[in-house]
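Notes follow the structure.
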Amino acid sequence: MNNLALLAVLVFSSTGLLAQFPARPPSVRASGEASVFALPDQVRIAASVTTQAKTAQDAASQNASQLAAVTSALGQLLGPNADIKTINYFVGPNYQYPPNGGTPILIGYTASNSIEVTLGTISMAGAVIDTAAQAGATTVGGLRFTLKNPEPQRLQALQLATLQARSHADAMVNALGGKVGPVITVQEGVQVRLQPLVGVADARSTPTSIQPGMIEVQASVVLEAQLN
């Protein structure tokens, strides 16, 4: 078969394949975003103990004793089922750097141990902060307000985002004198996000009072529909 005949066969075959798959009808694609706000029902509080000594062993030993006092006090406050876990541990050297340059001088070691307390009762946050500080924690903070089960807010945000996507599609198509037909596809545009807004710890009062912010649950949707 010569080249001309082969080309004719290929063109004929391609035309036949295209005839089997009709052209896709015109469509419109639109996106929507929505946020739902809710009061947090869970808070995580970080507390750290930092100690310094001439040797790494002494720094670690002092740190362990001081942290044990903190965890014991928190356990007495929250009970045997307290949700307390270690989130960071570090032991490292401390150097003194000569003002005019030169070799740094080893002057000791620092040990740091951080724990996180998870509370299902936000009103206990102030007491946890005060207890940890009084028991020997050198740093207390890093409050993170969350939702135990964000699924109801997630579903609501997805519904609102879908409605917005449909309204965006209607607006674009109506501007062109057409109408939106059946939906072809609809999917989440990005992963749903939980954005905790800033909570405030008021250290001016005794005991410490906590003012949690709202939790923002965000969702986005991409929708594609036919044009009528």
Side-chain angles (χ1 to χ4, degrees), residues 38-99 101-151 191-217:
L39 285 171
D41 56 11
Q42 184 173 265
V43 61
R44 291 184 171 91
I45 303 171
S48 300
V49 170
T50 301
T51 53
Q52 295 182 338
K54 291 294 184 181
T55 67
Q57 182 178 0
D58 286 344
S61 177
Q62 294 175 21
N63 190 280
S65 298
Q66 196 166 328
L67 184 68
V70 173
T71 55
S72 176
L74 291 174
Q76 293 178 16
L77 173 69
L78 301 176
N81 297 322
D83 188 348
I84 304 173
K85 64 180 180 181
T86 300
I87 57 174
N88 189 44
Y89 184 80
F90 169 81
V91 177
N94 299 325
Y95 292 98
Q96 184 179 61
Y97 294 89
T103 304
I105 302 171
L106 177 65
I107 59 174
Y109 291 83
T110 294
S112 177
N113 198 338
S114 299
I115 59 173
E116 183 179 72
V117 182
T118 301
L119 299 174
T121 304
I122 292 180
S123 60
M124 289 293 296
V128 167
I129 292 172
D130 292 338
T131 299
Q134 293 166 6
T138 53
T139 304
V140 183
L143 275 71
R144 293 189 296 136
F145 296 97
T146 61
L147 295 171
K148 297 176 185 176
N149 178 24
E151 190 64 12
Q191 183 179 2
V192 177
R193 295 178 293 171
L194 271 70
Q195 180 65 39
L197 304 184
V198 177
V200 178
D202 187 358
R204 295 171 299 177
S205 60
T206 303
T208 300
S209 64
I210 301 298
Q211 303 297 327
M214 300 287 284
I215 299 294
E216 181 182 8
V217 183

Can you name the closest pair of heavy atoms from [X] and [Y] and give their distance?
X    : Y    : answer
L74  : A132 : CD2-N, 4.2 Å
A59  : A53  : N-CB, 3.4 Å
A137 : V70  : N-CG2, 3.5 Å
M214 : L39  : SD-CD2, 3.3 Å
Q66  : G136 : NE2-O, 2.6 Å
P212 : P40  : CB-CG, 3.9 Å

So, does [X] use its side chain to make a donor-acceptor pair with the main chain of [Y] at under 3.5 Å?
X    : Y    : value
N63  : V49  : yes
S61  : Q57  : no
D130 : T208 : yes
T138 : T50  : yes

For the [atom1] atom of [X] and the [atom2] atom of [Y], what is their distance to the nearest 0.5 Å?
X    : Y    : atom1 : atom2 : result
I87  : I115 : CD1   : CD1   : 8.5 Å
I107 : Q52  : CD1   : CD    : 7.5 Å
D41  : L119 : CG    : CG    : 12.0 Å
L143 : I45  : CG    : CD1   : 5.0 Å

- Pairs where residues 57-80 contributes a residue and the test salt bridge (Lys or Arg N to Asp or Glu O under 4.0 Å) is met, not counting sequence neighbours: none

- Sorted by first residue and then second, give each salt bridge (Lys or Arg N to Asp or Glu O under 4.0 Å) pair with at least one member in residues 85-99; sequence neighbours left out. K85-E116

- Show your working on side-chain contact (heavy atoms from CB on, under 4.5 Å) between M124 and L77 and close with a plain yes or no. CA-CA 9 Å; M124 289 293 296; L77 173 69; 4.0 Å; yes

- Task: Applying salt bridge (Lys or Arg N to Asp or Glu O under 4.0 Å), name anything that partners K148, two or more places apart in sequence or on another chain.
- Result: none

- Message: Walk me through whether Y89 and L67 qualify under side-chain contact (heavy atoms from CB on, under 4.5 Å).
- Response: CA-CA 11 Å; Y89 184 80; L67 184 68; over 6 Å; no

- Step-by-step side-chain contact (heavy atoms from CB on, under 4.5 Å) determination, L78 to V117: CA-CA 10 Å; L78 301 176; V117 182; 3.7 Å; yes

- Do L147 and V217 have side-chain heavy atoms sitting under 4.5 Å apart? yes

- Of I105, T110, L106, which is the lone residue that meets side-chain contact (heavy atoms from CB on, under 4.5 Å) with N94? T110

- Stepwise, does the side-chain contact (heavy atoms from CB on, under 4.5 Å) test hold for I129 with I210? CA-CA 10 Å; I129 292 172; I210 301 298; 3.6 Å; yes

